Participant: 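Here's a structure for you.
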Amino acid sequence: MTDSLNGLLTSLGQALEERSGSQPMWAAKAPGRVNLIGDHTDYSQGFALPMGINLYTLAVAAPSATGDNSIRILSTREGEAKLQLNGPDPRTGDWTDYLRGVLSQYRQRNLHVPAMDIVIGGNLPLGAGLSSSASLELCFATLIELASNHALPAMERALLCQQAEHDYAGVPCGILDQFAVTFAEENQAMLLDCRKHSIRSVRIPPQLVVAIVDSGVSHALADGGYATRRTEVEAAEIQLGKSLRDAHTQDLLKLSDETIKARARHVISENDRVLTFAAALSNDEIENAGQLMYASHESLSRDFDVSCPELDTLVDAARQAGAIGARMTGGGFGGSMLAFVTIGEEAAFERIISYRFSDAGFGVAQVRWVKAVAGAQAWNWT
Ligand code: GLA
């Protein structure tokens with residue numbers, strides 16, 4: 001664990017002690033994720049290639065000191081919440097729905113979850129397209145399992161968190177985020193087959209560093225754009241009579257509606273790009289991999305229409321800065337850009353990105369350099 005993570009955990013431990021009078025007994029951390037390529041492919045059984053990133057949701061917890069049958073939560077960034085362990089715990093329409101949804105999944109499985117005090121914090125930016133919601137869900141899920149002394153298979157945990165997001169947050173997401181946050185590995189990205197639910201490790205070339213730049217446009221997938229895209233993809237599948245995973249470019253001729261056709265064109269071409277990208281990385285064909293990232297962005301921006309001027313400006317600037325590849329990442333409608341940059345060229349990249357972003361009137365661009373790290377885990381504090 002790095003010094004800065006240890007420092008963050010220590011301050012969460014202090015906050016817990018001040019609040020509940022108890023020392024932490026359990027702790028958990030869950031990374032965010034960045035998807036290197038393959039967006040809006042997961043809910044039509046396609047391919048994606050994410051990695052866990054060293055920006056985390058963190059939590060510390062102790063058995064409840066009050067004796068009341070609930071989980072009391074303080075999020076240092078989002079406020080307070082109280083979740084009921086018995087009786088109904090309906091949606092509230094705010095950040096606590098991710099937690100309520102996860103808890104309800106464990107309650108449905110009759111897991112005996114103890115009353116606890118929890119303090120949540122971390123350094124993963126919220127709403128920046130880096131899966132802060134899946135990271136929160138899995139941080140909480142691993143903590144619940146440790147405190148309840150009952151570990152579910154990791155696959156079941158990832159799927160129950162996805163279900164929690166459907167039921168409570170109202171986002172009909174695919175499996176990309178929860179799988180990435182659960183199964184992430186140090187120094188590796190993963191090729192995710194969203195039909196087979198299988199994962200293959202893909203090495204990140206050692207001569208590259210990964211930059212993430214927040215567009216500053218806060219993405220809220222619950223706002224409806226995400227669900228609309230999903231419906232459009234499903235409309236294409238109904239008209240073709242098959243999953244877009246099994247469709248080919250020729251099939252596009254059978255789609256008459258131009259919007260539906262464009263959405264399908266993105267998904268079909270993106271699935272191809274993911275597989276070619278994975279092969280390119282394995283063969284050290286870095287330039288090819290980078291070109292596929294730029295092509296993915298074009299496709300998400302034009303055919304899938306989930307980019308925004310801020311993200312398009314960042315990708316243009318990355319190209320100008322000589323980045324090997326760059327694209328928006330995640331659900332879109334704002335969020336972050338990711339770029340592959342050759343080691344040694346970080347300073348020039350930052351300079352050009354900052355200049356172009358502010359010159360376009362979008363303010364200060366924050367560049368973060370991230371590493372691939374392992375997935376969510378919980379441990380005993382002492
Ligand atoms: C969001 C969803 C994922 C996936 C991406 C787009 O992050 O939660 O399931 O669909 O958007 O690839």
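The shown structure was predicted, so the numbers you read here are calculated from the model rather than taken from an experiment. These numbers come from the heavy atoms of this one structure, side chains and all, not from hydrogens, waters or symmetry mates. Atoms within each ligand, like the ligands themselves, are counted from 1 in listed order.
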Participant: Which atoms of ligand 1 are found less than 4.0 Å from any heavy atom of Y43?
Facilitator: 10 (O)
Participant: As a quick check of understanding, evaluate salt bridge (Lys or Arg N to Asp or Glu O under 4.0 Å) for R91 and D167, giving each step before the final call.
Facilitator: CA-CA 9 Å; R91 296 168 60 158; D167 296 347; over 6 Å; no
Participant: Is there a nitrogen or oxygen of H40 sitting under 3.5 Å from a nitrogen or oxygen of ligand 1?
Facilitator: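 N/O-N/O distance under 3.5 Å: yes.
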Participant: What do we get for D39 next to ligand 1 when only non-hydrogen atoms under 4.0 Å count, side chain, backbone, both or neither?
Facilitator: both
Participant: When R157 is tested against each of E145, Q162, Q178 for side-chain hydrogen bond (donor to acceptor under 3.5 Å, both in side chains), which residue passes?
Facilitator: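 That would be E145.
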Participant: Counting from 1, what ligand 1 atoms have a heavy atom of L176 closer than 4.0 Å?
Facilitator: 4 (C), 5 (C), 12 (O)
Participant: Examine R33 against ligand 1 and note whether any of their N/O atoms are separated by less than 3.5 Å.
Facilitator: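 Checking ligand 1 against R33, an N or O pair does fall under 3.5 Å apart.
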Participant: Are H197 and F179, when compared by the centres of their aromatic rings, separated by less than 6.0 Å?
Facilitator: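 Yes, the ring centres sit under 6.0 Å apart.
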Participant: Would you say the ring centroid of Y226 lies under 6.0 angstrom from that of Y43?
Facilitator: yes
Participant: With atoms numbered from 1 as shown, which atoms in ligand 1 lie under 4.0 angstrom from a non-hydrogen atom of D42?
Facilitator: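 Taking each heavy atom of D42 in turn, ligand 1 has 3 (C), 4 (C), 9 (O), 10 (O) under 4.0 Å.
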Participant: Can you tell me which residue among E270, R327, H266 is in a side-chain hydrogen bond (donor to acceptor under 3.5 Å, both in side chains) with S299?
Facilitator: H266
Participant: Report yes if some N/O of N35 lies less than 3.5 Å from some N/O of ligand 1; otherwise report no.
Facilitator: no
Participant: Please say which of R100, Q84, K82 ends up in a side-chain hydrogen bond (donor to acceptor under 3.5 Å, both in side chains) with D89.
Facilitator: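 Going through R100, Q84, K82 one by one, the side-chain hydrogen bond (donor to acceptor under 3.5 Å, both in side chains) with D89 is satisfied by R100 alone.
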Participant: Check whether any N or O atom of G174, backbone or side chain, sits under 3.5 Å from an N or O atom of ligand 1, and answer yes or no.
Facilitator: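 Yes; the residue has a nitrogen or oxygen that sits under 3.5 Å from a nitrogen or oxygen of the ligand.
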Participant: Throw together a table of side-chain donor-acceptor distances under 3.5 angstrom for residues 2-13, partners on residues two or more places apart or in other chains.
Facilitator:
from	atom 1	to	atom 2	distance (Å)
T2	OG1	L5	N	3.2
T10	OG1	N6	O	2.7
S11	OG	L8	O	2.9

Participant: Atoms of ligand 1 less than 4.0 Å from G330 heavy atoms?
Facilitator: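 So the answer, numbered in order with elements, is 6 (C), 11 (O).
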Participant: Can you find an N or O of Y226 that's nearer than 3.5 Å to an N or O of ligand 1?
Facilitator: yes
